[in-house]
2 protein chains.
Amino acid sequence: MLPKDYAAQDCSIARGLELVGERWTLLLLRDAFYGVCRYSDFRERLDIPKAVLAARLAALVDSGVMEKRPAPDGAGTRHEYVLTDLGKQLWPAVVALGRFGERAAPNAEGPRKHFRHLDCGGRLDAFCRCERCGATVENPADAEVVPGPGDRNAREDRISRALRAPHRLLTPIA
Amino acid sequence: MLPKDYAAQDCSIARGLELVGERWTLLLLRDAFYGVCRYSDFRERLDIPKAVLAARLAALVDSGVMEKRPAPDGAGTRHEYVLTDLGKQLWPAVVALGRFGERAAPNAEGPRKHFRHLDCGGRLDAFCRCERCGATVENPADAEVVPGPGDRNAREDRISRALRAPHRLLTPIA
DNA sequence: CGTGAGAGGTTCGGTGAACGAACCTCAGTC
DNA sequence: GACTGAGGTTCGTTCACCGAACCTCTCACG
């Protein structure tokens, strides 16, 4: 969350928040789970100031949550930012926050987006359990994002449009 | 996290972060799960500016995450702030963030604090599953916080001292 | 070879939130 | 009637966020 550290808070939650608690950071990570991996795509989807995006990405790379590397398609000056194993540990936190947000500020038309178990098509609850088969989905790659009934999604950027169809997590978009 | 809203982010996670994403808010909720419920106790434990604490508590009450009510012990001008049912939905998010923080910035001596299943004494993983009996602990009242080997905890306030012994969640401290 | 465009930034001035100290108010108590 | 502790509010300073403008490097094209 925030600019300064939580000094004097000898607590794992505080440590975690120092890494991912600043404004924008968790939305950025959400998109990383969705498969966004390029600087310009993050920008397009989040409407985040460039300076802030650069700072957040650098901080995430620095703390080992994301990895920055040259784009695989060889193209010139491109990079990609992908979640490290450490970053993927945030999976249950992202899911839980999403379910909370949905309950706290529900859409009249239903959920906007949700996560579905690839194996059986069941929805994931706040504990990442598949509501159909009961399994806890520990690996985000075993799930997909699907638009829900309330996904009016006014955004028209490349990424938001791509996400109007189901998409497997951690798979780069386009 | 942050001051402003995430306009134009039509997403449950963004909605969730608007409610609990500002600086201090999640630490405050962590303490609420621990059983802290008085204004002055939050202050003592968090070293948070009074104005900010008042603003955060008001916002949480306003959004239905916490409830403010006169203290049950009848004492004069006292209040207590407790989690509502909506607030308790944050349980998996708090646990997941804690486990993440622990992995991202580990203590040499081991975890500082962790959660234990009351029924069987097993530790909870990032998905709130008991590592001993395998059950998903959906209700925070079925768990307790226990200090771990790395709990050097320099703080000497009332609350931090009380939490050096195992304590059932959602049970008011002292 | 020169020009242009897109990716991935950095720099800069203005605004608004967080910080911390001081002050305020009300209930009970001595 | 004075004091104390709970639960705040007010105020000036500092610092991060914002957004616009600018910079650099690589590739594509003529």
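Quick caveat, the model's predicted, so the values are computed rather than measured. Each chain gets a letter, A, B and so on, in the order its sequence line appears, and its residues count up from 1.
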> What nucleic acid atoms does B/Phe42 come within less than 4.0 Å of, heavy atoms only: base, sugar-phosphate, or nothing?
Replying inline: nothing

Could you check how far [atom1] of [X] sits from [atom2] of [N], rounded to whole Å?
X	N	atom1	atom2	result
B/Arg38	D/dG5	CZ	C1'	10 Å
A/Ile48	D/dC18	CD1	C1'	11 Å
B/Arg78	D/dT4	CZ	C1'	12 Å
B/Asp41	D/dG5	CG	C1'	13 Å
B/Leu27	C/dA18	CG	P	14 Å
B/Glu22	D/dC17	CD	C1'	14 Å
A/Asp47	D/dC18	CG	P	11 Å
A/Leu46	D/dC17	CG	P	15 Å

Would you say [X] reaches [N]'s phosphate, i.e. side-chain N/O to OP1/OP2 under 4.0 Å?
X	N	value
B/Lys68	D/dA6	no
A/Trp24	D/dC17	no
B/Tyr39	D/dT9	no

> Which residues within residues 51-63 of chain B lie with some heavy atom under 4.0 Å of an atom in DNA chain D?
Replying inline: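 The answer is B/Ala51, B/Ala54.
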
For nucleotides 21-25 of chain D, give me every protein contact, N/O to N/O, under 3.5 Å, one pair per line with atom names.
none

Evaluate the side-chain proximity of [Y] to [X]: yes if any heavy-atom separation is below 4.5 Å, no if none is.
X	Y	value
A/Val65	A/Leu90	yes
A/Glu138	B/Arg129	yes
B/Pro111	B/Pro149	yes
A/Asp157	A/Asp41	no
B/Asp151	B/Asn107	no

>> Aromatic contact between A/Phe115 and A/Trp91, with the criterion being ring centroids under 6.0 Å apart: yes or no?
In response: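 A/Phe115 vs A/Trp91: aromatic centres under 6.0 Å.
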
> In terms of heavy-atom contacts, does CZ of B/Arg123 have more than 12 from other residues, nucleotides or ligands at under 6.0 Å?
Replying inline: yes

When you get a sec, tell me which of [options] is the closest nucleotide to the side chain of [X]?
X	options	value
B/His79	C/dG9, C/dA7, D/dG8	D/dG8
B/Arg23	C/dC19, D/dC17, C/dA7	C/dC19
A/Pro49	C/dT10, D/dC18, D/dG8	D/dC18

>> Under the rule for ring pair (Phe, Tyr, Trp, His ring centres under 6.0 Å), what residues qualify as partners of A/Phe42, not counting sequence neighbours?
In response: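 Counting only residues at least two positions away or on another chain, A/Phe42 forms no ring pair (Phe, Tyr, Trp, His ring centres under 6.0 Å).
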
>> If I compare all heavy atoms of A/Lys88 with all of A/Leu83, which pair ends up nearest, and what's the gap?
In response: CE-O, 3.9 Å

>> Run B/Ser160 and B/Arg45 through side-chain hydrogen bond (donor to acceptor under 3.5 Å, both in side chains) and show every step you take.
In response: CA-CA 7 Å; B/Ser160 300; B/Arg45 212 170 113 77; 3.0 Å; yes

